[in-house]
Amino acid sequence: MASLPEDVAEFLRGRRLAVAGVSRQPGQAANAVFRKLRAAGYEVFPVNPNAAEVEGVRCYPDLGAIPGTLDGLVIATHPRAAAGLVRQCAEHGVGRVWLHRSFGEGSVSEEAVQAAAAAGIRCIVGGCPLMYCEPIDLGHRCMHWWLRRSGRVPG
């Protein structure tokens with residue numbers, strides 16, 4: 001991709017990220033995001049209140065349990081959980097959130113978007129880091145192209 005939208009570039013400049021919704025089932029979208037970010041050199045923390053470990057890595061029940069500060073959070077959960085995660089970001093000084101979405105509703109909820117705006121959190125609505133984090137696989141390139149035409153992903 002020639003150039004990234006500024007909000008995506010800003011999110012990906014952070015080096016300590018968390019991914020909420022990572023599952024013990026490795027085929028989930030959140031797990032793919034988690035693996036890709038780790039492979040790209042990010043320090044990534046999986047978040048799931050129902051798992052002690054995922055992908056062979058310690059899993060955290062919430063953002064407060066993660067040591068140190070985070071640069072951003074990818075939310076790849078059911079939309080009902082998104083606003084609560086945004087509120088956790090506000091409580092713990094996480095200034096960037098990415099609400100994952102491809103073809104369905106994804107993790108996007110109006111309540112989460114409003115909570116982010118109220119807290120001054122930069123919020124990317126839609127898309128997925130796999131559509132922007134090099135190297136981008138053909139499937140995510142095609143999804144990005146298609147979803148961008150409908151305004152469902154950044155730039």
Side-chain angles (χ1 to χ4, degrees), residues 1 4-102 104-137 139-140 143-144 153-154:
M1 224 156 266
L4 297 176
E6 182 53 36
D7 54 349
V8 171
E10 181 182 319
F11 188 93
L12 293 176
R13 275 193 290 272
R15 301 314 296 169
R16 293 189 91 234
L17 305 172
V19 179
V22 178
S23 171
R24 292 179 295 259
Q25 309 286 322
Q28 299 299 313
N31 292 57
V33 172
F34 174 76
R35 286 191 299 272
K36 174 68 174 198
L37 291 172
R38 284 189 71 195
Y42 292 89
E43 185 176 8
V44 189
F45 301 89
V47 178
N48 182 329
N50 301 310
E53 182 179 293
V54 294
E55 305 270 341
V57 176
R58 177 182 174 193
C59 190
Y60 296 86
D62 54 49
L63 298 185
I66 298 171
T69 59
L70 290 171
D71 297 313
L73 170 67
V74 177
I75 299 176
T77 63
H78 191 282
R80 286 191 307 260
L85 287 159
V86 169
R87 285 190 284 277
Q88 286 185 44
C89 287
E91 292 168 12
H92 298 287
V94 180
R96 296 179 196 91
V97 169
W98 193 323
L99 297 171
H100 180 274
R101 175 179 65 197
S102 59
E105 66 183 327
S107 300
V108 177
S109 81
E110 189 57 36
E111 181 184 1
V113 173
Q114 290 175 0
I121 295 171
R122 303 272 315 235
C123 184
I124 299 172
V125 178
C128 168
L130 276 70
M131 295 177 182
Y132 302 93
C133 190
E134 296 288 346
I136 304 166
D137 63 82
H140 281 90
M143 269 195 290
H144 178 263
V153 299

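If you read the sequence from its start, that first residue is 1, and numbering goes on from there.
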Q) Is any side-chain heavy atom of Val19 closer than 4.5 Å to a side-chain heavy atom of Val44? A) yes
Q.
Out of the candidates Val74, Val97, Leu99, Leu73, only one should pair with Leu85 under the side-chain contact (heavy atoms from CB on, under 4.5 Å) rule; please name it.
A. Leu73
(Q) I'd like to know if the side chain of His92 and the backbone of Val94 have a donor-acceptor N/O pair within less than 3.5 Å. (A) no
Q) Asp62 side chain to Ala65 main-chain N or O, any donor-acceptor pair under 3.5 Å? A) yes
Q: Could you pull out the closest heavy-atom pair between Ala20 and Ala30, with the gap in Å?
A: O-CB, 4.1 Å
Q.
Quick check: do Val47 and Val22 have side-chain heavy atoms less than 4.5 Å from each other?
A. no
Q. Looking at CG of Leu4 and CD of Glu10, how far apart are the two atoms once the value is rounded to the nearest 0.5 Å?
A. 12.0 Å
Q: Please answer whether the main-chain N or O of Ser23 pairs with a side-chain N or O of Gln28 as donor and acceptor at a distance below 3.5 Å.
A: no
Q | Atom pair CG/CG of Leu17 and Leu70 - distance to nearest 0.5 Å | A | 7.5 Å
**Q.** Minimum-distance pair of heavy atoms, taken over all atoms of Ala18 and Ile66
**A.** CB-CD1, 4.0 Å
Q) Can you find a heavy atom in the side chain of Pro26 that is under 4.5 Å from one in the side chain of Arg35? A) yes
(Q) Treating Lys36 as the side-chain partner and Pro129 as the backbone partner, does any N or O pair qualify as donor plus acceptor under 3.5 Å? (A) no
Q) In Å and rounded to the nearest 0.5 Å, what is the OG to CD distance from Ser109 to Gln114? A) 8.5 Å
Q) Are the side chains of Tyr60 and Pro67 in touch, meaning some heavy atoms are under 4.5 Å apart? A) yes
Q.
If I take atom CZ from residue Arg96 and atom CD1 from residue Ile124, how far apart are they, to the nearest 0.5 angstrom?
A. 9.0 Å
Q | Check: Val57 and Arg38 side chains under 4.5 Å, non-hydrogen atoms | A | yes
**Q.** CZ on Arg15 to CG on Leu37, rounded to 0.5 Å
**A.** 9.0 Å
Q. Is the closest side-chain heavy-atom distance between Tyr42 and Leu12 below 4.5 Å?
A. yes
Q: Answer yes or no: is there a side-chain heavy-atom contact under 4.5 Å between Asn31 and Glu55?
A: yes
(Q) Any salt bridge linking Arg16 with Glu43? Criterion: basic side-chain nitrogen under 4.0 Å from a carboxylate oxygen. (A) yes
Q) Roughly how far apart are Ile75 CD1 and Trp98 CH2, rounded to 0.5 Å? A) 12.5 Å
